[in-house]
Amino acid sequence: MSKSDILIVGEHPDINPRAQSIFMDALNEAGIESEDIRWINVLRKAPPEGKNITKTMVKHERERVLKKINRRDPKYIVLLGNNACQAVLEKQGITKLRGKPITHEGRVILPMLHPNIALHDERRIDTIEADAHRLRECREFGGIPEEKELEFEIVDTWDKVKAMLKDLRGTVATDLECTRLYPFTTALDDLVADGTASQEAIKQHKSTHNGNQPRVVAMQFGCRKRQWVVPMETAGIWSDAELTKIVHLVTRKLKKCFNVFHNGKFDALWMLERFQVKWRVDFDTMLAHYLVDENDRHGLKYLAQKFLGVPDWDVEGGVKTEWSQKNAKYAAHDVFYTRKLRFILKKMLEEDHDVKRVHDLIMVPCIQMFIEAEHRGVFIDLDKMDDAEAYLRGELADAQEKLEKWGAKATLVDKKTEKINWGSPKQLGHLLFEVLKIPVVEKTKSGANSTSESVLLRIDHPMVGDLLRFRAAQKQLSGFIEGWRPYLDREGRLHPVFKLHGTVTGRLSCEHPNLQQVPRDPRIRSLITAPEGWTLVEMDLSQIELRIAAELADEHNLLGVFHEGGDPHWQTAIREIERGAGYAKEIKKTVKLHHKQEGKEYKKMGYSEAVEYILNMGGNAATELMKMWKEVRKKAKAINFGYLYGMWWKKFKIYARDNYGVEVTDEEAQQSREAFFELYPGFPNWHNKQRRFAQVNGYVRSLSGRKRRLPAAMGNRDSPERREAQRQAINSPVQSFANELNLMAALQMRKEFRRPWFRLVGTVHDAVLLEVRNDMVEHVHNRGLEIMSHPELLDDFEIEMSVPIEADAGIGAWGQGKDLKTWLKEQLKIVEKREGRKARSPRRKKRVKQSA
DNA sequence: TACTGGCGCGCG
DNA sequence: AAAGCGCGCGCCAGTA
């Protein structure tokens, strides 16, 4: 290693001395001395006080800097900050470039953060130190460090195919490179491919799919000694027929291997979609790490860095989506390290048997289940979707037109259209609070005048209604009509992706699009349904979190309510209303209607008597008579959950104001909270127990044994952070186990019900969404509800619950599901109609008759 | 021109 | 002193 072989390219000579010493310290730490380096700057002088360095300033210096570099002829160049990158590489984006050495004209160039940034944010020192370390590695290696054990073959001849197949045994790590993330060919893909897509559609396609068609670029396998990289669909090396052959040969061999993936659901789903083969995932390094540390990140590169301390092998985005030698090398790294990680994570997982059981009995089986669910997707009623779109566009235009009258007064206008942007909180705030001089109600965290819904509702101005209509229509249109279009396949199905590692509690998250946030508004929710001959069935665990909380806290009163088949949310609903003295008229009216319905004579009764009466009726009966009760119960549910998980009375005040329109006094709010805990005195004890446990141990567990690590809950010093962690210690086991029950039931249904007539298409935390062939609806309904209320996996986990678990089912378009009796009656009618029209079609007739 | 953070809001 | 939890996504605005 020769001295002075490193050239630092700084911004200008007047570097802040502290920044300079941070940088030099980092270098020294990494074993690089000051005599090893020389220094030049992009600018010869610092810019005048208060002036920033501009792109053009840098441009002018570029040539001089390059000349200087050539004269000094260093082996290694460090670029400090964005301006140095701009000057030398003509590239920007230091956060992406940093830490990744590149070779150029025989020199190694390493972009780093400018040490100035550490003056504002101390945490950046770590990054600077890491990059200094990378510089040392480059210097020791004499170039960009490479994995020495890596030995990959590009499989481009039949001889290599043979050799590869022979090598596929034991533990094999498998991975794919693809042109994009979404494997399904969409209707939009077709339009783009045949050139009939509109400009707008092309733009949409570009932003969701990078403008690519779904193709597999490479398929790679990490074996004991070698990595095999097969060029795939976009490479042009193998014909389609040859690829099919290779894929089938490989698939057959993999059946006998121990198959390791990093996020195997992704790869197996792609192979199922593109080549119709089923791959089994035996171990998933991403999921394993998720269970070992749910708070950390789980990316492959990150884990390789963390556990193996290897250099970053990442490449620019474009390389991953196109076949090339560089792509092959990158691909080989992926499987090489995935295979290495498997052995480390296996050990870590085995350190905790309870967590491992969650992995083995729930998470890994879920991989297979969700591959199928995502492959099937959810069916969309496209005609109805068009109707919904037309309605929403009308609504939006109408609201906007009515708003313009007020917008004309605003001075802040869009320069092009000279109109206010009603979707901009900033412009709207300017209009409301400065032009129209409406008193400010609330500030946002960052100090802006809030224009949130709860604020608008408290403003007395004629435009509020139209503003809310505008926002509602805009939200539904952009989120669920336009937002869904890029994902609709040729059959009109969406294929949401479920992330098994998406949350810290063990719940799943969902994206592309998110099925778990579809509005309950029937205009949107009922767009999700099933195709001809099939029916959508939703089953949900009723009041499951409350039941689990009752169980965990051993809360006798609440347990009692559940054993008697009561409805705690309804109780809270009526009691809280009573407190707020609202809805007296409605309560009496409902009671009267109920008498009429029952054929009983209504005798005048007092308010408190009516309250008792309506309590006994139950929420469902009340909702049948007056629809508003459903909404009231829903709000009460939020209050129950709020208190259960540590909500304070001040927030209840806000909640009562925003949801009931009632201004509650401090005393009343405090009473409300006290009443909840008087009603359920077991909860405070349980809260303390959870807080104490988390404080001592730094984690909590759900009934299944899944861990939620809460380091912030530890220690003796009270702080907002510790409080937050303690509330999480209360909520987490409940949320976690509710989800696990749901998954257990889903897994069992998949096991018991046969593919030709049953498909699980999604889950929503405490509910499953199923597609069932019409003739099997009754069976799935009856057996499915049994499974939901006691999945057999509970026994494998040795969990015994004293609280009864109950499930409900809705049959038909999502959110408009009917009970079994109603649905069967309707089916009979449909069949009769069909028989009247034509005497043929005996098969379908028979099926439905069987079920009826 | 492309990314990031904050906000607001959809769901459980 | 201050106190429900867990998500994803569209949009805006600021910044690179």
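Residue numbering restarts at 1 for every chain, and letters A, B, ... go by the order of the sequence lines.
Comparing atom distances between the Q728(A) side chain and each of dA16(C), dG6(C), dA13(C) picks out dG6(C) as nearest.
Position along DNA chain C of the nearest nucleotide to S719(A) versus S732(A) favours S719(A) as the more 5'-ward residue.
The local environment of CG in L181(A) is sparse, with at most 12 non-hydrogen atoms from other residues, nucleotides or ligands closer than 6.0 Å. In the displayed structure, K689(A) atom NZ is contacted under 6.0 Å by at most 12 heavy atoms of other residues, nucleotides or ligands. Other residues, nucleotides and ligands contribute more than 12 heavy atoms inside 6.0 Å of the CZ atom of R62(A).
Ring pair F498(A)/F370(A) is tilted by interplanar angle, where 30° to 60° counts as tilted. Classified by interplanar angle (parallel below 30°, tilted 30° to 60°, perpendicular above 60°), the ring pair F683(A)/F676(A) is parallel.
Residue contacts for V504(A): at a heavy-atom cut-off of 4.0 Å it reaches the sugar-phosphate backbone alone, with no base atom in range. As judged by a 4.0 angstrom heavy-atom cut-off over every strand, H687(A) is placed among residues making no nucleic acid contact. Heavy atoms of N739(A) sit nowhere under 4.0 angstrom from any nucleic acid atom.
Nucleotide dC9(C) holds its P atom 15 Å from the CD atom of Q204(A), rounded to whole Å. We find that CZ of F641(A) is positioned 19 Å from C1' of dA3(C), with the value rounded to whole Å. Taking atom CD1 of residue I524(A) and atom P of nucleotide dG10(C), one finds them 14 Å apart after rounding to whole Å. Look at CH2 on W484(A): it is 14 Å from C1' on dG8(C), rounded to the nearest Å. For R723(A) and dA1(C), the CZ to C1' distance is 9 Å, given to the nearest whole Å. Rounded to an integer number of Å, the gap from CG of L428(A) to P of dA13(C) is 11 Å. Rounded to an integer number of Å, the gap from NZ of K206(A) to C1' of dC3(B) is 17 Å. Residue M647(A) contributes atom CE, which lies 11 Å from atom C1' of dA3(C) at whole-angstrom precision.
No hydrogens or angles considered: a donor-acceptor pair under 3.5 Å links the side chains of N640(A) and T572(A).
To the nearest whole angstrom, the two P atoms, one in dA3(C) and one in dC7(B), are 16 Å apart. As rounded to the nearest Å, dC9(B) and dA1(C) have C1' atoms that lie 29 Å from one another.
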Its contact letters, B for base, S for sugar-phosphate only and - for none at protein heavy atoms under 4.0 Å, make nucleotides 6-12 of chain B read SSBBBSB
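Ion pairing between a basic and an acidic side chain is recognised when a charged N comes within 4.0 Å of a carboxylate O; E740(A) and R706(A) show such pairing. Under a 4.0 Å N-O distance rule, the pair K265(A)/E374(A) qualifies as a salt bridge. A salt bridge is absent between D766(A) and R507(A): the closest approach of a Lys/Arg side-chain nitrogen to an acidic carboxylate oxygen does not fall below 4.0 angstrom.
Side-chain atoms of R727(A) stay outside donor-acceptor range of the base of dA3(C), with no qualifying N/O pair under 3.5 Å.
Residue R708(A) places at least one side-chain N or O under 4.0 Å from the OP1 or OP2 atom of dG6(C). In this model, the phosphate group of dC12(C) is not approached by any side-chain N or O of S424(A) to a distance below 4.0 Å at OP1 or OP2.
Contacts of H298(A) classified as ring pair (Phe, Tyr, Trp, His ring centres under 6.0 Å), with partners at least two apart in sequence or in another chain: H289(A), Y290(A).
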Pairing string of DNA chain C (Watson-Crick or G-U wobble, both atom distances under 3.5 Å; | = paired to other strand) is ....||||||||||||
